[in-house]
2 protein chains.
Amino acid sequence: MKVTIRQIAKQLGVHHTTVSRALRNSPRISENMRQRIKSLAIKLGYRPNLVASGLSTRKTFNVGLIVADISTTFFSQVARGVEDTMRRAGYNVFICNTDDKIEDEKFHWDALISRGVDGIIISPANLKPRYLQKLLGAGVPIVFIDRCLPSLRASYVITDHFSGGYQMTKYLLSLGHRRIAYVRGEVEMGRFYGYEHALKEYGIPVDNSLTPVCDFTIEGGKKAAKKLVRMEHPPTAIFCVNDPVALGAMKAIREHGFRIPEDISLAGFDNADFAEFLQPPLTTVHQSKYELGEEAARILLQEMNGKLREPRKVELKPVLVIRDSCRHIGDSRVNSALPECLLLATTIIA
Amino acid sequence: MKVTIRQIAKQLGVHHTTVSRALRNSPRISENMRQRIKSLAIKLGYRPNLVASGLSTRKTFNVGLIVADISTTFFSQVARGVEDTMRRAGYNVFICNTDDKIEDEKFHWDALISRGVDGIIISPANLKPRYLQKLLGAGVPIVFIDRCLPSLRASYVITDHFSGGYQMTKYLLSLGHRRIAYVRGEVEMGRFYGYEHALKEYGIPVDNSLTPVCDFTIEGGKKAAKKLVRMEHPPTAIFCVNDPVALGAMKAIREHGFRIPEDISLAGFDNADFAEFLQPPLTTVHQSKYELGEEAARILLQEMNGKLREPRKVELKPVLVIRDSCRHIGDSRVNSALPECLLLATTIIA
DNA sequence: CTCTATTGTGCACCCGTGTGCACAACATAA
DNA sequence: TTATGTTGTGCACACGGGTGCACAATAGAG
């Protein structure tokens, strides 16, 4: 049988509320009594029942983390950042996967609300303003992560996707590529706009046939890239929305008999742990996944403590990571040595 | 303000217990009243407060998942399997990281108990019988995952680590290797015993200098492998406790000027998603991570429903995956074509 | 018509903790 | 002595929902 404050109270011949107050360090309890209560609590191995206290105080010390897929390199690292930070503040974290399906997201949302979570960190599957507005109106502190609508009056922590997409595209352009494909994610738009913007600077229109949409998986990348390499005039470079997609693209490219980077240059996004060990080592855009989660959790803690009058909007700057999977066009060199755009990248970061 | 059953009751002029019963489909409520109550509940957007019902029924519909590190490829996929299965049954999952530190594990354990979880799936940092026994005595249904003490009267789901270690070592031996290093994990012993056993069959004693211990990270693998390649007589093959460690080893091997597999053969364990895309594609042992989590969750559900009289002990069979990172010694071939031990593996699986 | 099932609903109280308020015990000042 | 704080403790009740039991309403049997 679990120990309750009433049992402690009984043994000491006091009322259970006295025990409750003593354990919560209420100033109204005498120092002497407080000590007696605390030491007995320890002796009996008392563990407060957070379900009960959650009911009466409406604070559960639980938060929810809603992401597309915890098994990805990206979100699993984000989750770790969230959990570490939350734990230090005494919170537990519920993990919820949506696969970017709106119904699943709703399901999890309701489940979290029913459980009385104190806050939610969410990477929404649905970016419609009305929908997000509704989430914000639910009365639960929210922090958006990785995805958001900047115009909304809400806290968020994201990577500057636009900058990342822009830097990479600019880099590929500087290598002489002009037919650059971008394998898009269904929800992700920022990187795409960066890509678009860089092309525009070179006077290149976006060719829809070069921007297939895929989910964020290896299989999805393979499928999308397959279409690209089978084109009459395949792109000379393929930029993928993330590293796993690049992995799939890598397979498709090779199965079609093309070499990387000799025939087709390949780039990813995320700088997953494995990226530098691929053959060739993958050129990609680094984003700080753990820090993303850490920062989101910090902000959520502040929101929950009411220490935040205005929403906090944080954009972490991504960094171009040049390895060997992209080559200079019309040149035997595999990759160019520190092109102008890297300098640009550095200035953006600073 | 959140809708409660008392509010619904008031609007209908009935007692709140009638509402409670109607929503829980008690047979004592008339069909007519049940319909009226349910439709009003839907209309008002009633969401049951699981904190409150958890207090009175002692069932929270929450479970805990305690692992070393959710950000690893292995545990993140396990977690996904757990979450998917639990969600279908109406449960939410708390995620807890221990980094294999016993104090952190205890901390999380207490946190979960305080929150009244209905069950716990745990990959314990500490495999001491007395400790595990104590966990089992806490009165909470438990399923061990990935690690356990088979002698204990407890449910578990693991990969047959021994078989995996044995198969891989046998394979390396069949390629002609005799100086085979094994980069061990701190906690993991099964794979090591398999390695030991295979060596014994060839009359080779275990050389402690060839079996450095490391954590399960890339950095750890790099550090451990560095020692190995710097030896006067380096091993001809390095078998790593998992794929990330192999990644680190790969780096160390190359930084020392050795080629893979020409100078040193390299093998991993897990068959992480990225393994086939490495250069050379990594020979490894496949284990089903998602299924591991799925099965553990299924068993926990049965335990929580009291449908399990005896503990369920499940061992999933690993499969040797031969790629190009191991070569035949004294032979120009990179890898041997289907050696006897693969046949052996197949029989073990069946 | 009374007696007895059957069915549906309400009452009281529980789950474990928290909190406003009353009040007892004691000390100090008038 | 009485009036007036302090300080510490207990009481009642709340949080939202669940459950054993009593009992009212209705129906059917004798």
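Naming convention: chains lettered A, B, ... in sequence-line order (proteins, then strands); numbering from 1 in each chain.
Looking at residues 9-26 of chain A, you'll see A/H16, A/T17, A/S20, A/R21, A/R24 sit with a heavy atom under 4.0 Å from some atom of DNA chain C. For residues 30-45 of chain B, proximity to DNA chain C is found at B/S30, B/M33, defined as any non-hydrogen atom under 4.0 angstrom from a strand atom.
For A/R309, there are no salt bridge (Lys or Arg N to Asp or Glu O under 4.0 Å) partners, not counting sequence neighbours. Not counting sequence neighbours, the partners of B/E103 by the side chain to side chain contact (heavy atoms under 4.5 Å, CB included) test are B/K101. In this view, A/Y46 satisfies the ring-ring contact (aromatic ring centres under 6.0 Å, His included) rule with no residue, not counting sequence neighbours. For A/Q35, the side-chain hydrogen bond (donor to acceptor under 3.5 Å, both in side chains) criterion is met by A/E31, not counting sequence neighbours. Listed by chain and residue number, B/F94 satisfy the ring-ring contact (aromatic ring centres under 6.0 Å, His included) test with A/F94 (two or more places apart in sequence, or in another chain).
Pairs engaging residues 11-30 of chain A under the ring-ring contact (aromatic ring centres under 6.0 Å, His included) rule: none recorded [sequence neighbours left out]. Here ring-ring contact (aromatic ring centres under 6.0 Å, His included) pairs that include residues 53-81 of chain B, with residues two or more places apart or in two chains, are B/F61-B/Y91.
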Got a list of side-chain donor-acceptor pairs under 3.5 Å for residues 121-133 of chain A, not counting sequence neighbours?
| from | atom 1 | to | atom 2 | distance (Å) |
| --- | --- | --- | --- | --- |
| A/N126 | OD1 | A/K128 | N | 2.9 |
| A/Y131 | OH | A/E105 | OE2 | 2.8 |

Going by atom type alone, with no hydrogens or angles, which donor-acceptor pairs under 3.5 Å involve a side-chain atom of residues 289-296 of chain B and a protein atom two or more places apart or on another chain?
| from | atom 1 | to | atom 2 | distance (Å) |
| --- | --- | --- | --- | --- |
| B/K289 | NZ | B/D270 | O | 2.9 |
| B/K289 | NZ | B/N271 | O | 3.2 |
| B/K289 | NZ | B/Q287 | O | 3.0 |
| B/Y290 | OH | B/D84 | OD2 | 2.5 |
| B/E295 | OE1 | B/R298 | NH1 | 2.5 |
| B/E295 | OE2 | B/R312 | NH2 | 3.4 |

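Five base pairs at each end of the helix from C/dC1-D/dG30 to C/dA30-D/dT1 define two local axes, and these are offset by 70° (rounded to 10°).
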